[in-house]
Amino acid sequence: MWAKILYAFLTLIGGIAYGLLLGGISRKITARMQNRRGPTVWQNFIDLWKLFRKKTAISHGVMFYLAPMFRLVGGAGTFLLVPVVVGSPYLSNFSFGGDLIVLMYFMVLGCLGMALGAAESGHPHAPIGVTRGLSQMAGYELPFILSVIVLMVADKTATLEGIVRAQQGGILHWHLFTHPFAAAAAFISLLGMMTSYPFQVVLAPQEIAVGPPTEYSSTFLSYMFSGRSVFAVAKYLLFMNLFLGGASNLLWAFVKTFAIFLWPLFITNVFPRLRLEQSVLFFWTWPTFLGLVDLLRIYLVR
Amino acid sequence: MGKDKKYFLDEKPEKLTYGGVFRRINDWARARSLWVVAYGTGCGSIELRPTFTSRFDAERLGMRMVATPRQADVLIISGYLTVKTLKRVIRVYEQMQSPKYVVALGACPINGGMYYDSYNAINRLDLYLPVDVWITGCMPRPEAILAGFKRLQELIDSGRADGWKKYIDNLDRYRENQKKIIKNWKMPNYNW
């Protein structure tokens, strides 16, 4: 048991570092796409250390202090429920029976805690950002949960491990190919989860500062920063396990999560921004329709 | 103020200590991760756009623009500073979290520049805020701005950019000077 906790902790540290590195790589790629040199790929580590060691002199109440913790715990908790390598004694974290349902609850914990804390900060931009974030969450959760339900019904299991085992036996057994419509719905809703560009109205630095974290500074921001990084890695791992057949070793986990990481990155660099009602309407039409198509297909084929 | 009072810290800030075990690595990280608050006070802010976009690309030095003073490290006084703007600049500066640095751009913050006899532009910025780096010119080109930021990075890296400490240590004198210029001081005395 203690060994398992130790391995999960080490995996978590690795996940945070990997998330920060991916953030640096995305800044570099964005810069190259804009014909710039860009910062080093280690820039996010430097930023994190600087933020962590900055002084803070702001007090807005208890929830304001707790929100970055919620964000970090939400990210880390999601990460710890997703196995990195299924079946490995070291890298499978705390995945257990029924973990997909717990996971989907856990994924909104960070957002909700952030919403409470940001609302207490008293800055007028923060509630606007919170409203946008929660509305958009109601948008992308629907197609995502639909596609997860498709996989759960098809494989007759609610665990990530079972879903990964159902995909073994070659690339054509991946759910990306056996359930292409559900996969398309989920990968479109991934764009909303990552607040990548067409659905970036939550943060919107040009109009509402940075939305919810407007009042957050220094150490608070460093917790949110690392929570966000590890949450991103958790989502890439989750999508790898759901659609790309999991990973048999650490190298494959890196390759597959990196491939998933490139998808929102390339979309974000070439698209303008949608308004809130446009993005919610989009999530409730096309990806939802795709998810429903696959759900219907499963019932008809059976 | 009134019901908004709980959102302000209306008391004098305590003196901050600086140093510790990680001082060397802190300075190293601070120098390489300068977040600039995107706030232009005068005409000089027109030179900041090319500095931060593709042509001159300040992001390769680890700098980026942030939209809120809470998260920023550097405040750029870009050009002339009117009395009306000075009030906002002081609030923005005090809302930034320590350690924080001020870069003054152009001739106007040094001696008034071409507005030296204007009735509503201040002549010497360092009476009101501690300035770490001056960049002269009217206007300084992006190359000059980048050179100024390299200078600021050297100062931070060697632990000599300590304007934020001077501001807290000499707060009474700075406040006296500021209130001489700003007649309608309708904000909390300390808005950290």
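Not measured: the values here are computed from a predicted model. Per chain, numbering begins at 1; letters A, B, ... match sequence-line order.
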- Top contributor to chain B interface from A:Asn35, A:Thr56, A:Leu48, A:Thr40 [non-hydrogen pairs under 4.5 Å]: A:Thr56
- Message: So, taking the atom named CD in A:Gln34 and the one named OG1 in B:Thr53, what distance separates them when rounded to the nearest 0.5 Å?
- Response: 9.5 Å
- Can you tell me if CE on B:Met114 sees more than 12 non-hydrogen neighbours from other groups inside 6.0 Å? no
- Least distance between heavy atoms, A:Thr214 atom then B:Thr68 atom: O-OG1, 3.0 Å
- Mind checking whether A:Arg27 and B:Glu59 have side chains closer than 4.5 Å, heavy atoms only? yes
- Hey, is the main chain of B:Ile25 close enough, under 3.5 Å, to the side chain of A:Arg53 for a donor-acceptor pair? no
- Heavy-atom distance under 4.5 Å to chain B: side chain of A:Gln43, backbone, both or neither? side chain
- Does CZ in A:Phe45 sit with more than 12 non-hydrogen atoms of other residues, nucleotides or ligands closer than 6.0 Å? yes
- Per-residue contact mode, B:Ala58 against chain A (heavy atom under 4.5 angstrom): neither
- Task: Assess A:Lys55 against B:Trp164: is NZ or CZ under 6.0 Å from the centre of the six-membered ring, and within 45 degrees of the ring's axis?
- Result: no
- Item | Residue among B:Asp73, B:Val66, B:Asp57 with most heavy-atom pairs under 4.5 Å to chain A | B:Asp57
- Message: Would you say that A:Lys54 contacts B:Pro99 through its side chain, given a criterion of any heavy-atom pair below 4.5 Å between the two side chains?
- Response: yes
- Message: Tell me the closest heavy-atom pair linking B:Gln71 and A:Tyr216, and the distance in Å.
- Response: CG-O, 3.1 Å
- Item | Straight-line distance of A:Arg37 CZ to B:Leu61 CG, nearest 0.5 Å | 11.5 Å
- Just wondering, more than 12 heavy atoms not from B:Lys150 lying within 6.0 Å of its NZ? no
- Got a second to check how far A:Asp47's CG is from B:Arg30's CZ, nearest 0.5 Å? 13.0 Å
- Note on the structure: Bottom line for B:Arg55: the part with an atom under 4.5 Å from chain A's heavy atoms is neither
- Task: Return the minimal non-hydrogen interatomic distance between B:Gln97 and A:Ser217, and the atom names on each side.
- Result: CG-OG, 3.4 Å
- Message: Between A:Ile46 and chain B, with a heavy-atom cut-off of 4.5 Å, which part of the residue counts as in contact: side chain, backbone, both or neither?
- Response: both
